[in-house]
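To keep things clear, I will list the structure first and then write my remarks on it.
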Amino acid sequence: YTIKFEMAAITRIKYWILFSLITLSLILYHLTNLAEQRARDFEMKMLSALQSDMAELQQPVDSLHLSPPSQEWMKRQYRQTAAFLGFNYTPPNRWKSCRNSFNTLYFPKINAVFTGVPKAGCSNWMEALMIAEGVINGPLEDVDQVHNLYAKPYRMMFLGRFKKIVSGRFVAPDFSFTGIRNPWTRLVSAYKDKLQPGTNLPSAVEKVMRYLRKNVAQSEDLRSRSYPTFEEFLLYIIANEGSANYHFKQQVHTLCLKVAEYDYIVPLEYSSVIAGEIWSKLNASVELPMSYDKSSDPRTQRSTVEAKAMFSKIDPAIVEEIYKLYKPDFMLMNYSNFTDPNFPMPIID
């Protein structure tokens with residue numbers, strides 16, 4: 001009888017321990033969710049506050065900062081940047097010698113050259129150019145298909161392999177252009193698109209996390225996470241001097257600065273305004289696909305608000321290092337800082 005009583009007591013203790021563990025797990029789960037929800041609410045409040053502060057910047061489309069600078073002004077900035085980097089360009093253009101011939105494409109039917117800078121609207125421009133070239137009939141369901149399925153034969157790097165498309169022509173286009181972007185918004189776009197859940201570039205995530213775990217911290221938190229914070233991403237960029245991945249690297253390393261000058265330069269901030277001029281030059285009836293953000297004023301778009309919020313939380317010493325790395329990109333359009341009321345627009349002198 002004593003043994004049975006003791007067994008029953010042990011069983012009750014086991015059930016009590018099990019119940020306590022389950023209860024504790026539920027409490028921890030609830031607290032974790034509550035903390036995450038509070039973090040999300042805080043971030044949304046910050047974004048809402050920034051949008052409210054920037055509401056006064058709403059102006060008509062023909063306002064001072066929304067009217068693009070002249071192509072002469074933009075080309076002067078381009079030449080000054082080339083000189084800063086020690087590039088001494090002399091005509092004629094030598095497109096096949098461009099150091100980044102993978103991102104420079106030649107379209108023989110419309111006889112045009114386009115250099116696509118990653119995270120500066122290049123996918124939308126390439127899709128529209130494929131339509132103008134007659135490669136596709138209309139917008140793709142997934143714009144990334146333009147890279148995966150259609151672009152290769154037109155990339156300067158591979159022209160020699162696709163003689164049926166190029167027909168042996170020397171690359172002497174009637175028109176050439178490129179697109180660029182404010183480095184602050186571009187870096188935030190690259191981080192959110194390539195280093196967050198849902199990325200189509202998991203290899204980049206793995207590379208960044210492997211570096212951080214080896215060189216930055218050995219903490220349990222870092223080992224348990226699958227994705228880097230924005231500040232960790234910036235530390236990775238600094239350690240690799242901006243050249244870690246072509247989505248993150250400086251724009252000047254994608255452009256053909258050393259061997260060519262473009263007929264048109266299209267800052268992403270003015271792409272919807274300048275697009276009509278591009279299609280007129282190419283004699284093409286095409287519309288440029290727009291991004292998810294339909295705001296007419298780049299200063300109040302979500303990407304701008306997010307960039308201001310995210311960089312405002314970063315250690316100023318890290319921000320300064322990033323600026324030094326991307327200084328030539330800022331020079332390209334004399335781009336404004338994220339603290340400027342007219343961010344992300346160029347400062348036109």
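Computed from a predicted structure; not experimentally measured.
- Sorted pairs that involve residues 128-153 and meet ring pair (Phe, Tyr, Trp, His ring centres under 6.0 Å), not counting sequence neighbours, are lacking altogether.
- Annotation: Trp95 is in aromatic contact with Tyr262 [ring centroid separation under 6.0 Å].
- The existence of a salt bridge linking Arg79 and Glu261 is confirmed by a sub-4.0 Å separation between a basic side-chain nitrogen and an acidic carboxylate oxygen.
- Checked against the 6.0 Å centroid threshold, Tyr335 and Phe330 do not count as a close aromatic pair.
- More than 12 heavy atoms of other residues, nucleotides or ligands sit less than 6.0 Å from atom CD of Glu231.
- With contacts defined as side-chain heavy-atom distances shorter than 4.5 Å, the pair Thr339/Lys308 does not qualify.
- Using bins of under 30°, 30° to 60° and over 60° for the plane-to-plane angle, the ring pair Phe177/Trp125 lands in the perpendicular bin.
- A salt bridge links Glu232 with Arg225: the distance from a Lys NZ or Arg NE/NH1/NH2 to an Asp or Glu carboxylate oxygen falls below 4.0 Å.
- The aromatic ring centroids of Trp184 and Phe311 lie less than 6.0 Å from each other.
- Under a 3.5 Å cut-off, the side chain of Asn245 and the backbone N or O of Ala204 do not form any donor-acceptor pair.
- From Ile318, atom CD1 reaches atom CD1 of Ile237 across 12.5 Å, with rounding to the nearest 0.5 Å.
- Within the model, atoms CG of Leu332 and CD1 of Ile265 stand 7.5 Å from one another, a figure rounded to the nearest 0.5 Å.
- Residues Lys281 and Asp263 are not paired through a salt bridge, judged by the lack of any N-O separation under 4.0 Å between the basic side chain and the carboxylate.
- For Tyr106 and Phe114, the distance between ring centers is not under 6.0 angstrom.
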